S.K.: 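First the structure, then my questions, so here it is.
Just so it is clear, the structure is predicted and the values come from calculations on it, not from any experiment. Quick note on labels: first sequence line is chain A, next is B, and so on, each numbered from 1.
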Amino acid sequence: MAVGMSERGSLHSGLGEWVVQRLTAVYMLFFIVIALIRLSISPVSTHADWLLLSSGLLFQIALLLFIFSLLAHAWLGLKSVFLDYIHPWRLRFLLLMVVALFVFATGVWALLIVIT
Amino acid sequence: MIRFSIYRFNPDKDSKPYMQDYQLDESRLEGRKMLLDAILLLKEQDESLSFRRSCREGVCGSDAMNINGSNGLACITPLSSLKQPINLNPLPGMPVIRDLIVDMESFYRQYRTIKPWLMNDEPEPEIERLQSDEERKKLDGLYECILCGCCSTACPSFWWNPGKYLGPAALLQSYRFLVDSRDKATNERLDELEDPFRLFRCHSIMNCVEVCPRDLNPALAIHNIRKMLLKRAT
């Protein structure tokens, strides 16, 4: 049980992360709604349909934005959980690195899939 | 008979805390209706039972405790609203001094951190610093806080990071000075709050709003601070 107040952290972040978390959430919701409407109007049932859909530049940009929003949102969410519950800083740092690596690798992988 | 189950701990005698059962004959209340009235009668039965109380009308905030799992003031909690046995515990997450008495030091320290006084370097006017009706209105729902600690000690973010997160009570007070037209240290105050822990550990769990005995809304105050930070940054 800490009795004193700690000094303010050197990272004056918090606001930026809070805003990004909300913006990515709004974009993901927007994308999902649009995607559901699009798929219900003309369902994608064959591989050829899918290739046709995913070859459009607008779709590729929107999809990549969605994937990066998802990864950024997941990163910030997990970081928040770790800040809340994981107090030994070495363990927290290690966990953050594992998640960062995973998020980065997934992002690169997704980018390669979408643009090739 | 009213049945109670009360948290007991005397660090001089007990190795660990335990719950003790009490019973109170309703006729002894003689028409008095509040939980505090009953606890005072229990203390007549058992003098060792320890708790804080002072004004007995919801103004001083001394008798904040955990009542049937929810924080509140014993003096303004009607007995008729409580399921029996009435479970009384000290405020959660705070170091217990004895029975229902907790050490509020960390809570007050957090309060002190936000500099709860008007900061204004401008020359003092002859009589007083005037406020318009609208300016004064902004303090409603903020200045009424009695610092009982019900909200902060009901907040999970406060439980996990009591030394780093300011907690709803201190943040509500911080906002009270941020919106005061007589205070000129807005930027300095916002600088002090822009930190991943001090302000941004709030996840809008809203326990603070749920338990506040004065029906204040610390979660809204915290949200407004975030909006002020955002406005400043853009």
S.K.: Quick one: pull up CG in Leu15(A) and CG in Asp195(B) and give me the separation to the nearest 0.5 Å.
M.R.: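 The CG atom of Asp195(B) is 12.0 Å from CG of Leu15(A), to the nearest 0.5 Å.
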S.K.: Does atom CZ (Arg53(B)) have a neighbourhood of more than 12 heavy atoms from anything else shown, all under 6.0 Å?
M.R.: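 Atom CZ in Arg53(B) is not crowded, with 12 or fewer foreign heavy atoms closer than 6.0 Å.
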S.K.: Please tell me if the side chains of His203(B) and Ser80(A) come closer than 4.5 Å, counting only heavy atoms from C-beta onward.
M.R.: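 Yes. Closest side-chain heavy atoms under 4.5 Å.
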S.K.: Taking atom CH2 of Trp18(A) and atom CG of Leu229(B), what is their separation to the nearest 0.5 Å?
M.R.: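 The CH2 atom of Trp18(A) sits 9.0 Å away from the CG atom of Leu229(B).
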S.K.: Please report the interatomic distance OH(Tyr165(B)) to CG(Asp84(A)), rounded to the nearest 0.5 Å.
M.R.: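 So the OH of Tyr165(B) and the CG of Asp84(A) are separated by 10.0 Å.
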S.K.: In terms of heavy-atom contacts, does NZ of Lys137(B) have more than 12 from other residues, nucleotides or ligands at under 6.0 Å?
M.R.: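 No, because the 6.0 Å sphere around NZ of Lys137(B) holds 12 heavy atoms or fewer from other groups.
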S.K.: Within a radius of less than 6.0 Å around CE of Met28(A), do more than 12 heavy atoms belonging to other residues, nucleotides or ligands occur?
M.R.: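 Count over threshold, so yes.
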S.K.: Would you find more than 12 non-hydrogen atoms of other residues, nucleotides or ligands less than 6.0 Å from Gln60(A) atom CD?
M.R.: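 More than 12 within 6.0 Å, yes.
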S.K.: Heavy-atom count around Leu58(A) CG within 6.0 Å, excluding the residue itself: above 12?
M.R.: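 No, not enclosed.
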S.K.: So, the side chain of His87(A) versus the backbone of Trp160(B): is there a donor-acceptor pair under 3.5 Å, distance only?
M.R.: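 Flag set: sc His87(A) to bb Trp160(B) pair under 3.5 Å.
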S.K.: Could you grab the distance from atom NZ of Lys164(B) to atom CG of Leu83(A), nearest 0.5 Å is fine?
M.R.: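 Lys164(B) NZ to Leu83(A) CG: 8.0 Å, rounded to 0.5 Å.
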S.K.: So do Val19(A) and Arg226(B) actually touch side chain to side chain, heavy atoms under 4.5 Å?
M.R.: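 No; the side chains remain at least 4.5 Å from each other.
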